A.B. asks: 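Below you will find the structure I want to go over with you.
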Amino acid sequence: MRRIIHRLIAAIVLSVGIVAAAVGTSYGQDKVVRIGYQKYGKLVLLKSKGTLEPKLAANGYKVVWTEFPFGPPLLEALNVGAIDLGNTGEAPPIFAQAAGAPIQYVAYEPPAPKGEAILVPKDSALKSVADLKGRKVALNKGSNVHYLLVKALEKAGVKYSEVEPVFLAPADARAAFERGAVDAWVIWDPFQAAAEAATGARTLADGSGIVANYQFYFSSKKFLDANPEIVDAVLAELGAVDDWAKGDIHAVAEQLAPAIGLSVPVVEVALKRQSYGIKPITDAVIADQQQVADAFFALNLIPKSIKISDVARRPGT
């Protein structure tokens, strides 16, 4: 499994450089918080707001931000000690935990099932998830949409082995989707909203009634054990940014759109399908995440059974 994750990183040269840069930036600094973020989400808003740095400076900490293209390489960076905190969807931490990464769940965002979907071209003959049998489906291996595909097929009575997964990063998947090299594409926002706007892509199914589509926040075990108050401070400031975001989606879209390279209306569509609230991990969320892990193990997508409760931080701990 480590080899699988490493191959993901090797395919994205930029990520390797990012990890190296993060290590180099923080080397020799005793009090630094290294945060991994993706181009879209609450952490990039926190970074752009600039409110975290003065908060942590009062405790003698500096903040180093490192961008990643998607979740699996971010968690591998956490695994190798290049970052201390970050966030991904529900599937990447399953693969990371199975590979022995020292992750700790510290918070989550409520479900956003409409924020990911199985798309087909607007003129496709496919009308339902059941029609995917025998078809090529593009997706990012180990991402949230991997679980969406598994559960959507299960609900439609199609075995996972009866479709042909084509594992591609979002940019490559969109190119394959547009030229007809794949029959369907399982993708998350804002790529989902961008494809809908640009190509008229149709939705066979989103996560509604199928999967939760959580977003999780993580710390390395080492950093959490040594600095629980700093983790709490980051989450508190993240919560403040989240409160602002849900109250002014248009302003958030205007702030994110240039960095993402999408129009403000497209980003607004994605933001309206997002969930809001930064919440402590609960037993119910752990149980939901355990279902993801068990499904992946049953399909031999991870090499061993894992217990989510082993790496979840409860309130007050």
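Everything numeric in this text was worked out from a predicted model, so none of it was measured.
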A.B. asks: Measure up the F95 and F296 rings against each other and bin them: parallel (under 30°), tilted (30 to 60°), perpendicular (over 60°).
C.D. replies: tilted
A.B. asks: How many angstroms lie between atom CG of N59 and atom CD of E229, to the nearest 0.5 angstrom?
C.D. replies: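 If we round to the nearest 0.5 Å, N59:CG and E229:CD are 7.0 Å apart.
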A.B. asks: I'd like to know if R273 pairs up with E196 as an ion pair, taking the criterion as any Lys NZ or Arg NE/NH1/NH2 lying under 4.0 Å from an Asp or Glu carboxylate oxygen.
C.D. replies: yes
A.B. asks: Answer yes or no: is there an ion pair linking K279 with D242, defined by an N-O contact shorter than 4.0 Å?
C.D. replies: no
A.B. asks: Quick one: does R202's side chain have a donor or acceptor within less than 3.5 Å of a partner on S124's backbone?
C.D. replies: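 Yes, the answer is positive, given that a donor and an acceptor are paired below the 3.5 Å cut-off.
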A.B. asks: Do Q274 and K42 have side-chain heavy atoms sitting under 4.5 Å apart?
C.D. replies: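 Counting from C-beta outward, Q274 and K42 do come under 4.5 Å.
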A.B. asks: Any side-chain heavy atom of P165 sitting closer than 4.5 Å to one from V137?
C.D. replies: no
A.B. asks: Does any donor atom in the side chain of E76 or N79 lie under 3.5 Å from an acceptor atom in the other side chain?
C.D. replies: yes
A.B. asks: Would a 4.5 Å heavy-atom cut-off, applied to side chains only, mark W188 and N144 as touching?
C.D. replies: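 No. Closest side-chain heavy atoms not under 4.5 Å.
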A.B. asks: Using side-chain heavy atoms (C-beta onward) and a distance below 4.5 Å, is L153 in contact with E162?
C.D. replies: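 When only atoms from C-beta onward are counted, E162 and L153 do not touch, as no gap falls below 4.5 Å.
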A.B. asks: Any donor-acceptor pair under 3.5 Å linking the side chain of N140 with the backbone of S143?
C.D. replies: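 A pair under 3.5 Å: no.
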A.B. asks: Please work out whether the ring planes of F223 and Y61 are parallel, tilted or perpendicular, with thresholds of 30° and 60°.
C.D. replies: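 Perpendicular: the ring planes of F223 and Y61 meet at over 60°.
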A.B. asks: Can the ring centroids of F218 and Y105 be said to lie less than 6.0 angstrom from one another?
C.D. replies: yes
A.B. asks: Does the distance from a Lys or Arg side-chain N to an Asp or Glu carboxylate O, for D183 and K136, drop under 4.0 Å?
C.D. replies: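 No, D183 and K136 are not salt-bridged.
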A.B. asks: Are R135 and D131 ion-paired here, with the side-chain N under 4.0 Å from a carboxylate O?
C.D. replies: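 The answer is no: the pair does not qualify as a salt bridge.
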A.B. asks: Report yes if the side chains of D288 and V292 come closer than 4.5 Å at any heavy-atom pair, otherwise no.
C.D. replies: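 A side-chain contact is absent here, since even the closest heavy-atom pair is not under 4.5 Å.
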A.B. asks: Does this structure show an ion pair linking D283 with R314, if we count only N-O contacts that are shorter than 4.0 Å?
C.D. replies: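 A salt bridge links D283 with R314.
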A.B. asks: Does the plane of the ring in F177 sit parallel, tilted or perpendicular to the ring in W185? Use 30° and 60° as the thresholds.
C.D. replies: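 Because their plane-to-plane angle lies in the 30° to 60° range, the rings of F177 and W185 count as tilted.
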A.B. asks: Checking N213 side chain against A112 main chain: does a donor-acceptor pair fall under 3.5 Å?
C.D. replies: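 Judged by distance alone, yes, a pair lies under 3.5 Å.
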A.B. asks: Could you check whether any side-chain N or O of E109 sits under 3.5 Å from a backbone N or O of Y217, counting only pairs where one atom can act as donor and the other as acceptor?
C.D. replies: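 Checking the backbone N and O of Y217 against the side chain of E109, no donor-acceptor pair under 3.5 Å is found.
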A.B. asks: Given the side-chain rings of Y40 and F191, with only the six-membered ring counted for Trp, is the space between their centroids under 6.0 Å?
C.D. replies: no
A.B. asks: Parallel under 30°, tilted from 30 to 60°, perpendicular over 60°: which one fits the rings of F216 and Y108?
C.D. replies: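 Judged by the thresholds at 30° and 60°, the geometry between F216 and Y108 is tilted.
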A.B. asks: Do the side chain of Q192 and the main chain of E116 share a donor and acceptor less than 3.5 angstrom apart?
C.D. replies: yes
